[in-house]
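Report on the following structure.
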Amino acid sequence: CFDLPKYAGGWPDLLSAFVRADTDSDKLIEYTRTYNKKSIIKRIGYLAELTAKRSLKPFVDFALRHTGKRYIPFDPAGPDTGKFDPCWKLRMNMTPEQILDILNNTY
């Protein structure tokens, strides 16, 4: 879902499911290691930090150690614009405000 959000109902559905889910950090680390895509780790880590999901603090710590050097777009289907987040190595083609606005207006 975090690799290609458009196939998971788009950002509104994906973000809503993410904040509602009771996610275990250890399982999430295991799943992302198995999938082995830094883009997924970066997006989930960024969102866990942005939404202050305390239960995912161990995952955020793991993700910050696995961001790599290359920047990738936050929204893979979005425009090639936006600020660069040096912490997460994400090109923020969606602003934090846009992401939180989606969350506040979903369902």
Closest non-hydrogen atom pair, [X] against [Y]:
X: T67; Y: K38; result: O-CD, 3.9 Å
X: A48; Y: V60; result: CB-CG2, 3.7 Å
X: R43; Y: I72; result: NH2-CD1, 3.6 Å

In Å, rounded to the nearest 0.5 Å, how long is the span from [atom1] of [X] to [atom2] of [Y]?
X: M94; Y: I99; atom1: CE; atom2: CD1; value: 5.0 Å
X: T95; Y: E97; atom1: OG1; atom2: CD; value: 4.5 Å
X: S25; Y: R54; atom1: OG; atom2: CZ; value: 13.5 Å
X: S55; Y: D22; atom1: OG; atom2: CG; value: 6.5 Å
X: R70; Y: L90; atom1: CZ; atom2: CG; value: 11.5 Å
X: T23; Y: F18; atom1: OG1; atom2: CZ; value: 6.5 Å

Notebook entry, point to check: Should I41 and L4 be regarded as members of a common hydrophobic cluster, given that ILVMFWY residues are connected when their side-chain heavy atoms come within less than 4.5 Å of each other, either directly or indirectly?
Noted result: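 Shared cluster, no.
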Check: In terms of hydrophobic clustering (I, L, V, M, F, W, Y; side-chain heavy atoms under 4.5 Å; direct or indirect links), are Y31 and I44 co-clustered?
Finding: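 Y31 and I44: separate clusters.
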Short side-chain to backbone donor-acceptor contact, [X] and [Y], under 3.5 Å:
X: N93; Y: D75; answer: yes
X: K89; Y: P86; answer: yes
X: S16; Y: P12; answer: no

Check: With a 4.5 Å heavy-atom cut-off, do P76 and D3 have their side chains touching?
Finding: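 No, every pair of side-chain atoms sits at 4.5 Å or beyond.
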Notebook entry, point to check: Is it true that D61 and K57 make a salt bridge, defined as a side-chain N closer than 4.0 Å to a carboxylate O?
Noted result: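 Looking at D61 and K57, the cut-off is met.
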Check: Should D85 and R91 count as an ion pair when the cut-off is N to O under 4.0 Å?
Finding: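 R91 and D85: not salt-bridged.
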Note to self: Suppose the criterion is ring pair (Phe, Tyr, Trp, His ring centres under 6.0 Å): which pairs have a residue in residues 52-78, not counting sequence neighbours?
What the structure shows: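 For residues 52-78: W11-F74, Y46-F74, F59-F62, F62-H66, Y71-F84.
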Next item on the list: Could you give me the CA-CA distance, side-chain angles and deciding distance for L64 and W88, then say whether side chain to side chain contact (heavy atoms under 4.5 Å, CB included) is met?
Entry: CA-CA 7 Å; L64 285 170; W88 289 104; 3.6 Å; yes
